[in-house]
Amino acid sequence: MTATADAPIDTPAPSDLDGLSYQDTLRVLSEASVHQHFDAFLDIAWDSPEFEVIPDDPRWILPEIDSLGGTEWYRSLPQERQIEIGMYRMANIMKVGLQFEQLLISGVMNHLIGMPNGQAEFRYSTHEVTEECHHTQMFQEGVNRIGMDVQGGPGWFVRVAPLLALAGRGLPNIFFMGILAGEEPIDYLQKSVLRSGHEMHPMVTRVMQIHVAEEARHIGFAHSYLVERSKDYGALQRFGLSLAYPVIMRVLCDVIMKPTPKMQKDLGIPKSVMREVYWKSEKSEKLLRDTFGDVRMLADELGLMNRVSRRVWRVLGIDGRASRFRSEPKSAAV
(Lines give C-alpha, C1' and ligand atoms only; values in the text may rest on other atoms or scores of the structure.)
Protein backbone atom coordinates (compact mmCIF):
# COMPACT_ATOMS: atom_id res chain seq x y z
CA MET A 1 0.00 0.00 0.00
CA THR A 2 1.40 3.42 -0.89
CA ALA A 3 1.55 6.31 1.51
CA THR A 4 -1.11 8.98 1.39
CA ALA A 5 -0.76 11.57 -1.34
CA ASP A 6 -0.77 14.61 0.94
CA ALA A 7 1.64 13.68 3.72
CA PRO A 8 5.30 12.61 4.00
CA ILE A 9 6.15 9.02 4.82
CA ASP A 10 6.36 8.08 8.48
CA THR A 11 9.77 6.54 7.92
CA PRO A 12 11.94 5.25 10.80
CA ALA A 13 13.87 8.07 12.45
CA PRO A 14 17.67 7.63 12.69
CA SER A 15 17.29 7.17 16.44
CA ASP A 16 14.98 4.18 15.82
CA LEU A 17 18.00 2.31 14.45
CA ASP A 18 20.32 3.09 17.36
CA GLY A 19 21.59 -0.02 19.11
CA LEU A 20 20.22 -2.42 16.49
CA SER A 21 22.44 -5.02 14.90
CA TYR A 22 23.10 -4.71 11.18
CA GLN A 23 20.68 -7.54 10.41
CA ASP A 24 17.94 -6.01 12.59
CA THR A 25 18.49 -2.64 10.91
CA LEU A 26 17.97 -4.25 7.51
CA ARG A 27 14.80 -5.91 8.77
CA VAL A 28 13.34 -2.63 10.12
CA LEU A 29 14.18 -0.77 6.90
CA SER A 30 12.73 -3.55 4.73
CA GLU A 31 9.47 -3.57 6.68
CA ALA A 32 9.23 0.21 6.41
CA SER A 33 9.70 -0.04 2.64
CA VAL A 34 6.86 -2.54 2.40
CA HIS A 35 4.34 -0.59 4.47
CA GLN A 36 5.27 3.01 3.67
CA HIS A 37 6.27 3.89 0.14
CA PHE A 38 5.35 6.12 -2.78
CA ASP A 39 4.46 5.54 -6.40
CA ALA A 40 5.57 8.32 -8.72
CA PHE A 41 2.28 8.38 -10.63
CA LEU A 42 -0.22 7.50 -7.91
CA ASP A 43 0.94 9.80 -5.15
CA ILE A 44 1.63 13.01 -7.05
CA ALA A 45 -1.35 14.79 -8.58
CA TRP A 46 0.51 15.79 -11.73
CA ASP A 47 -2.61 16.84 -13.63
CA SER A 48 -4.33 18.75 -10.84
CA PRO A 49 -4.90 22.47 -11.52
CA GLU A 50 -2.74 23.46 -8.53
CA PHE A 51 0.25 21.62 -10.04
CA GLU A 52 -0.03 23.36 -13.40
CA VAL A 53 3.21 25.00 -14.49
CA ILE A 54 2.57 28.65 -15.34
CA PRO A 55 5.65 30.61 -16.50
CA ASP A 56 4.78 33.83 -14.62
CA ASP A 57 4.10 32.07 -11.30
CA PRO A 58 6.15 33.89 -8.59
CA ARG A 59 6.40 30.65 -6.59
CA TRP A 60 9.25 29.68 -8.92
CA ILE A 61 11.41 32.45 -7.45
CA LEU A 62 14.30 30.85 -5.58
CA PRO A 63 14.32 31.13 -1.78
CA GLU A 64 17.07 33.18 -0.19
CA ILE A 65 18.36 30.04 1.51
CA ASP A 66 19.31 28.69 -1.94
CA SER A 67 22.96 29.40 -2.70
CA LEU A 68 22.16 31.14 -6.00
CA GLY A 69 18.80 32.57 -4.92
CA GLY A 70 20.37 34.39 -1.99
CA THR A 71 22.83 36.41 -4.09
CA GLU A 72 22.47 40.15 -4.60
CA TRP A 73 22.79 39.51 -8.35
CA TYR A 74 19.74 37.23 -8.42
CA ARG A 75 17.66 39.46 -6.14
CA SER A 76 18.34 42.49 -8.36
CA LEU A 77 16.92 40.81 -11.48
CA PRO A 78 13.40 41.53 -12.78
CA GLN A 79 10.78 39.12 -11.44
CA GLU A 80 10.31 37.53 -14.84
CA ARG A 81 14.01 36.67 -15.00
CA GLN A 82 14.05 35.39 -11.41
CA ILE A 83 11.18 33.05 -12.27
CA GLU A 84 12.94 31.75 -15.38
CA ILE A 85 16.15 31.06 -13.47
CA GLY A 86 14.20 29.45 -10.62
CA MET A 87 12.42 27.08 -13.01
CA TYR A 88 15.70 26.15 -14.67
CA ARG A 89 17.47 25.55 -11.35
CA MET A 90 14.68 23.39 -9.93
CA ALA A 91 14.58 21.35 -13.14
CA ASN A 92 18.36 20.91 -13.13
CA ILE A 93 18.41 19.79 -9.49
CA MET A 94 15.80 17.15 -10.38
CA LYS A 95 17.82 16.07 -13.42
CA VAL A 96 21.09 15.65 -11.57
CA GLY A 97 19.19 13.82 -8.82
CA LEU A 98 17.80 11.49 -11.47
CA GLN A 99 21.28 10.81 -12.82
CA PHE A 100 22.62 9.96 -9.37
CA GLU A 101 19.68 7.61 -8.82
CA GLN A 102 20.51 5.84 -12.08
CA LEU A 103 24.12 5.43 -10.97
CA LEU A 104 22.98 4.10 -7.59
CA ILE A 105 20.59 1.59 -9.18
CA SER A 106 23.26 0.26 -11.54
CA GLY A 107 25.90 0.04 -8.83
CA VAL A 108 23.65 -1.67 -6.30
CA MET A 109 22.64 -4.30 -8.83
CA ASN A 110 26.33 -4.90 -9.58
CA HIS A 111 26.91 -5.22 -5.84
CA LEU A 112 24.17 -7.85 -5.49
CA ILE A 113 24.93 -10.00 -8.53
CA GLY A 114 27.05 -12.55 -6.66
CA MET A 115 25.51 -12.27 -3.22
CA PRO A 116 24.84 -15.63 -1.49
CA ASN A 117 21.31 -16.78 -0.76
CA GLY A 118 19.61 -15.88 2.51
CA GLN A 119 21.11 -12.41 2.91
CA ALA A 120 18.88 -9.70 4.43
CA GLU A 121 21.00 -7.14 2.62
CA PHE A 122 19.69 -8.43 -0.72
CA ARG A 123 16.08 -7.89 0.25
CA TYR A 124 16.53 -4.35 1.59
CA SER A 125 18.77 -3.32 -1.31
CA THR A 126 16.16 -4.39 -3.86
CA HIS A 127 13.49 -2.47 -1.92
CA GLU A 128 15.73 0.57 -2.18
CA VAL A 129 16.32 0.09 -5.90
CA THR A 130 12.54 -0.14 -6.42
CA GLU A 131 12.08 3.17 -4.60
CA GLU A 132 14.91 4.78 -6.55
CA CYS A 133 13.25 3.70 -9.81
CA HIS A 134 10.15 5.59 -8.70
CA HIS A 135 12.37 8.58 -7.92
CA THR A 136 13.82 8.57 -11.43
CA GLN A 137 10.28 8.61 -12.84
CA MET A 138 9.27 11.36 -10.42
CA PHE A 139 12.27 13.55 -11.22
CA GLN A 140 12.00 13.10 -14.97
CA GLU A 141 8.28 13.86 -14.92
CA GLY A 142 9.04 17.01 -12.92
CA VAL A 143 11.64 18.09 -15.48
CA ASN A 144 9.23 17.38 -18.33
CA ARG A 145 6.44 19.38 -16.67
CA ILE A 146 8.70 22.36 -16.03
CA GLY A 147 9.71 22.23 -19.68
CA MET A 148 13.36 23.29 -19.38
CA ASP A 149 15.88 21.33 -21.47
CA VAL A 150 18.43 20.92 -18.68
CA GLN A 151 21.61 18.85 -18.70
CA GLY A 152 21.78 17.84 -15.04
CA GLY A 153 25.34 17.03 -13.99
CA PRO A 154 28.42 18.11 -15.94
CA GLY A 155 29.26 16.24 -19.14
CA TRP A 156 32.22 14.39 -17.64
CA PHE A 157 30.00 12.94 -14.91
CA VAL A 158 27.35 11.71 -17.34
CA ARG A 159 30.07 10.04 -19.43
CA VAL A 160 31.86 8.25 -16.57
CA ALA A 161 28.79 7.32 -14.46
CA PRO A 162 28.39 3.87 -16.11
CA LEU A 163 32.00 3.10 -15.18
CA LEU A 164 31.54 4.36 -11.62
CA ALA A 165 28.68 1.89 -11.21
CA LEU A 166 31.19 -0.97 -11.59
CA ALA A 167 32.60 -0.04 -8.19
CA GLY A 168 29.47 -1.54 -6.66
CA ARG A 169 30.99 -4.96 -7.33
CA GLY A 170 34.74 -4.49 -6.95
CA LEU A 171 35.03 -1.50 -4.59
CA PRO A 172 31.87 -1.55 -2.46
CA ASN A 173 33.24 0.70 0.31
CA ILE A 174 34.18 3.36 -2.23
CA PHE A 175 30.84 2.91 -3.99
CA PHE A 176 28.75 3.36 -0.84
CA MET A 177 30.79 6.43 0.06
CA GLY A 178 29.89 7.72 -3.39
CA ILE A 179 26.23 6.97 -2.70
CA LEU A 180 26.39 9.14 0.40
CA ALA A 181 28.20 11.85 -1.55
CA GLY A 182 25.27 11.88 -3.96
CA GLU A 183 22.51 11.64 -1.37
CA GLU A 184 23.69 13.90 1.44
CA PRO A 185 24.00 17.24 -0.46
CA ILE A 186 20.62 16.87 -2.18
CA ASP A 187 19.03 15.81 1.10
CA TYR A 188 20.57 18.76 2.93
CA LEU A 189 19.51 21.22 0.22
CA GLN A 190 15.92 19.96 0.10
CA LYS A 191 15.53 19.87 3.89
CA SER A 192 16.86 23.42 4.12
CA VAL A 193 14.32 24.66 1.57
CA LEU A 194 11.42 22.82 3.24
CA ARG A 195 12.40 24.09 6.69
CA SER A 196 12.74 27.68 5.43
CA GLY A 197 8.98 28.06 5.02
CA HIS A 198 9.46 29.66 1.61
CA GLU A 199 6.44 29.12 -0.63
CA MET A 200 7.59 27.01 -3.54
CA HIS A 201 5.54 25.69 -6.44
CA PRO A 202 3.45 22.83 -4.94
CA MET A 203 4.78 20.31 -7.45
CA VAL A 204 8.36 21.02 -6.33
CA THR A 205 7.35 20.91 -2.67
CA ARG A 206 5.66 17.54 -3.11
CA VAL A 207 8.62 16.04 -4.95
CA MET A 208 10.95 17.26 -2.20
CA GLN A 209 8.73 15.86 0.57
CA ILE A 210 8.68 12.42 -1.03
CA HIS A 211 12.38 12.37 -1.77
CA VAL A 212 13.44 13.54 1.70
CA ALA A 213 11.17 10.97 3.38
CA GLU A 214 12.44 7.96 1.45
CA GLU A 215 16.05 9.11 1.35
CA ALA A 216 16.08 8.91 5.16
CA ARG A 217 15.96 5.12 4.78
CA HIS A 218 18.52 5.07 1.97
CA ILE A 219 21.03 7.24 3.82
CA GLY A 220 20.46 5.20 6.97
CA PHE A 221 21.28 2.03 5.07
CA ALA A 222 24.47 3.46 3.56
CA HIS A 223 25.61 4.56 7.03
CA SER A 224 24.84 1.13 8.51
CA TYR A 225 26.55 -0.68 5.63
CA LEU A 226 29.77 1.29 5.99
CA VAL A 227 29.81 0.88 9.78
CA GLU A 228 29.35 -2.89 9.40
CA ARG A 229 32.09 -3.17 6.77
CA SER A 230 34.48 -0.97 8.74
CA LYS A 231 34.89 -3.83 11.23
CA ASP A 232 37.02 -5.59 8.60
CA TYR A 233 39.24 -2.64 7.62
CA GLY A 234 42.96 -3.23 7.94
CA ALA A 235 45.22 -0.36 8.97
CA LEU A 236 46.35 0.41 5.41
CA GLN A 237 42.85 0.16 3.98
CA ARG A 238 41.46 2.41 6.71
CA PHE A 239 44.12 5.03 6.02
CA GLY A 240 43.48 4.93 2.26
CA LEU A 241 39.73 5.25 2.76
CA SER A 242 40.28 8.11 5.20
CA LEU A 243 41.87 10.11 2.37
CA ALA A 244 39.45 9.01 -0.35
CA TYR A 245 36.33 9.73 1.72
CA PRO A 246 36.53 13.56 1.87
CA VAL A 247 37.70 13.79 -1.76
CA ILE A 248 34.70 11.76 -2.97
CA MET A 249 32.37 13.96 -0.92
CA ARG A 250 33.83 17.21 -2.21
CA VAL A 251 33.98 16.25 -5.90
CA LEU A 252 30.44 14.89 -6.04
CA CYS A 253 29.11 17.84 -4.04
CA ASP A 254 30.14 20.12 -6.91
CA VAL A 255 28.41 17.82 -9.39
CA ILE A 256 25.14 18.28 -7.50
CA MET A 257 25.26 21.85 -6.21
CA LYS A 258 27.40 23.85 -8.62
CA PRO A 259 25.87 25.06 -11.92
CA THR A 260 27.48 23.42 -14.94
CA PRO A 261 29.15 25.55 -17.64
CA LYS A 262 26.03 24.98 -19.78
CA MET A 263 23.77 26.27 -17.01
CA GLN A 264 26.04 29.26 -16.42
CA LYS A 265 25.88 30.10 -20.14
CA ASP A 266 22.14 29.48 -20.50
CA LEU A 267 21.30 31.67 -17.51
CA GLY A 268 24.01 34.29 -17.98
CA ILE A 269 25.42 33.83 -14.49
CA PRO A 270 28.42 36.21 -14.15
CA LYS A 271 31.77 34.67 -13.31
CA SER A 272 32.03 36.95 -10.29
CA VAL A 273 28.80 35.44 -8.92
CA MET A 274 30.09 31.92 -9.53
CA ARG A 275 33.29 32.72 -7.60
CA GLU A 276 31.30 34.22 -4.73
CA VAL A 277 28.75 31.44 -4.45
CA TYR A 278 31.00 28.42 -5.17
CA TRP A 279 32.75 28.74 -2.67
CA LYS A 280 34.53 31.98 -1.81
CA SER A 281 32.13 34.01 0.33
CA GLU A 282 31.66 33.52 4.07
CA LYS A 283 28.04 32.41 3.53
CA SER A 284 28.95 29.85 0.85
CA GLU A 285 31.86 28.48 2.87
CA LYS A 286 29.50 27.92 5.79
CA LEU A 287 26.97 26.18 3.51
CA LEU A 288 29.69 23.85 2.27
CA ARG A 289 30.78 22.96 5.79
CA ASP A 290 27.20 22.55 7.02
CA THR A 291 26.33 20.13 4.22
CA PHE A 292 28.78 17.55 5.55
CA GLY A 293 28.06 17.58 9.29
CA ASP A 294 26.44 14.11 9.17
CA VAL A 295 29.20 12.84 6.89
CA ARG A 296 31.88 13.95 9.37
CA MET A 297 29.97 12.20 12.15
CA LEU A 298 30.10 8.99 10.14
CA ALA A 299 33.82 9.46 9.43
CA ASP A 300 34.43 9.59 13.19
CA GLU A 301 32.40 6.40 13.65
CA LEU A 302 34.33 4.63 10.90
CA GLY A 303 37.67 5.63 12.36
CA LEU A 304 38.54 7.68 9.26
CA MET A 305 39.56 10.87 11.03
CA ASN A 306 43.31 11.07 11.58
CA ARG A 307 45.94 13.78 11.51
CA VAL A 308 46.45 13.53 7.74
CA SER A 309 42.81 13.14 6.71
CA ARG A 310 41.73 16.08 8.88
CA ARG A 311 44.08 18.27 6.85
CA VAL A 312 42.44 16.99 3.65
CA TRP A 313 38.99 17.93 5.01
CA ARG A 314 40.32 21.39 5.89
CA VAL A 315 42.00 21.96 2.51
CA LEU A 316 38.78 20.97 0.75
CA GLY A 317 36.76 23.41 2.86
CA ILE A 318 34.47 20.77 4.37
CA ASP A 319 35.93 20.46 7.85
CA GLY A 320 34.12 21.44 11.05
CA ARG A 321 32.38 19.90 14.02
CA ALA A 322 30.52 16.67 13.32
CA SER A 323 26.78 16.49 13.87
CA ARG A 324 25.74 15.14 17.25
CA PHE A 325 22.95 13.16 15.58
CA ARG A 326 21.63 12.60 12.08
CA SER A 327 19.92 15.64 10.52
CA GLU A 328 20.87 17.95 13.40
CA PRO A 329 19.77 21.48 12.41
CA LYS A 330 22.95 23.16 11.29
CA SER A 331 22.21 26.46 12.99
CA ALA A 332 22.97 24.47 16.15
CA ALA A 333 25.73 22.37 14.65
CA VAL A 334 28.03 25.17 13.59
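The analysis underlying the following values was restricted to heavy atoms, covering all of them including side chains, and did not include hydrogens, waters or symmetry mates.
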List for me each residue that meets ring-ring contact (aromatic ring centres under 6.0 Å, His included) alongside Y278, sequence neighbours excluded, and say none if there are none. none
Apply ring-ring contact (aromatic ring centres under 6.0 Å, His included) to H135 and list each qualifying residue two or more places apart in sequence or on a separate chain.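 Result, ring-ring contact (aromatic ring centres under 6.0 Å, His included) vs H135: H211, H218.
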Has R238 got a side-chain atom pairing as donor or acceptor with L302's backbone, closer than 3.5 angstrom?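 Present.
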When you measure from the side chain of R217 to the backbone N and O of S30, does any donor-acceptor pair fall under 3.5 Å?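 Checked: no pair found.
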Going by heavy atoms in the side chains, are M138 and M94 under 4.5 Å from each other?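 Side-chain contact under 4.5 Å: no.
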Atom [atom1] of [X]: over 12 foreign heavy atoms under 6.0 Å:
X    : atom1 : value
I113 : CD1   : no
D300 : CG    : yes
E80  : CD    : no

Please determine whether side-chain contact (heavy atoms from CB on, under 4.5 Å) holds for the pair K262 and K265, giving the CA-CA distance in whole Å, both sets of side-chain angles, and the decisive distance to 0.1 Å. CA-CA 5 Å; K262 181 181 187 301; K265 181 179 179 181; 5.8 Å; no
Please list, chain by chain and in numerical order, all residues satisfying side-chain hydrogen bond (donor to acceptor under 3.5 Å, both in side chains) with D47, sequence neighbours excluded.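 Once residues adjacent in sequence are excluded, the partners of D47 under the side-chain hydrogen bond (donor to acceptor under 3.5 Å, both in side chains) criterion are R145.
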Is the gap between the ring centers of F292 and Y188 under 6.0 Å? no
Check the pair T25, Y124 against side-chain contact (heavy atoms from CB on, under 4.5 Å), reporting the backbone distance first and the verdict last. CA-CA 10 Å; T25 295; Y124 173 71; over 6 Å; no
According to a hydrophobic-cluster definition based on side-chain heavy atoms being under 4.5 Å apart (Ile, Leu, Val, Met, Phe, Trp, Tyr only), do [X] and [Y] belong together?
X    : Y    : answer
L288 : V315 : no
I248 : L166 : no
V227 : L304 : yes
L316 : M297 : no
W46  : I54  : no

Using the rule given for side-chain hydrogen bond (donor to acceptor under 3.5 Å, both in side chains), can you reason through Y88 versus E84, listing the C-alpha separation, both sets of side-chain angles and the distance that settles it, and then say yes or no? CA-CA 6 Å; Y88 191 113; E84 180 185 1; over 6 Å; no
Please check if any side-chain donor atom of [X] sits under 3.5 Å from a side-chain acceptor atom of [Y], or the reverse.
X    : Y    : result
E131 : S33  : yes
Y74  : D66  : no
E121 : H111 : yes

Check the pair F139 / V96 against side-chain contact (heavy atoms from CB on, under 4.5 Å), numbers first and verdict last. CA-CA 9 Å; F139 284 146; V96 73; over 6 Å; no
Please work out which of the three classes, parallel, tilted or perpendicular, describes the rings of Y22 and F221, given edges at 30° and 60°. parallel
For Y245, the option from M177, R250, M305 that meets side chain to side chain contact (heavy atoms under 4.5 Å, CB included): M177
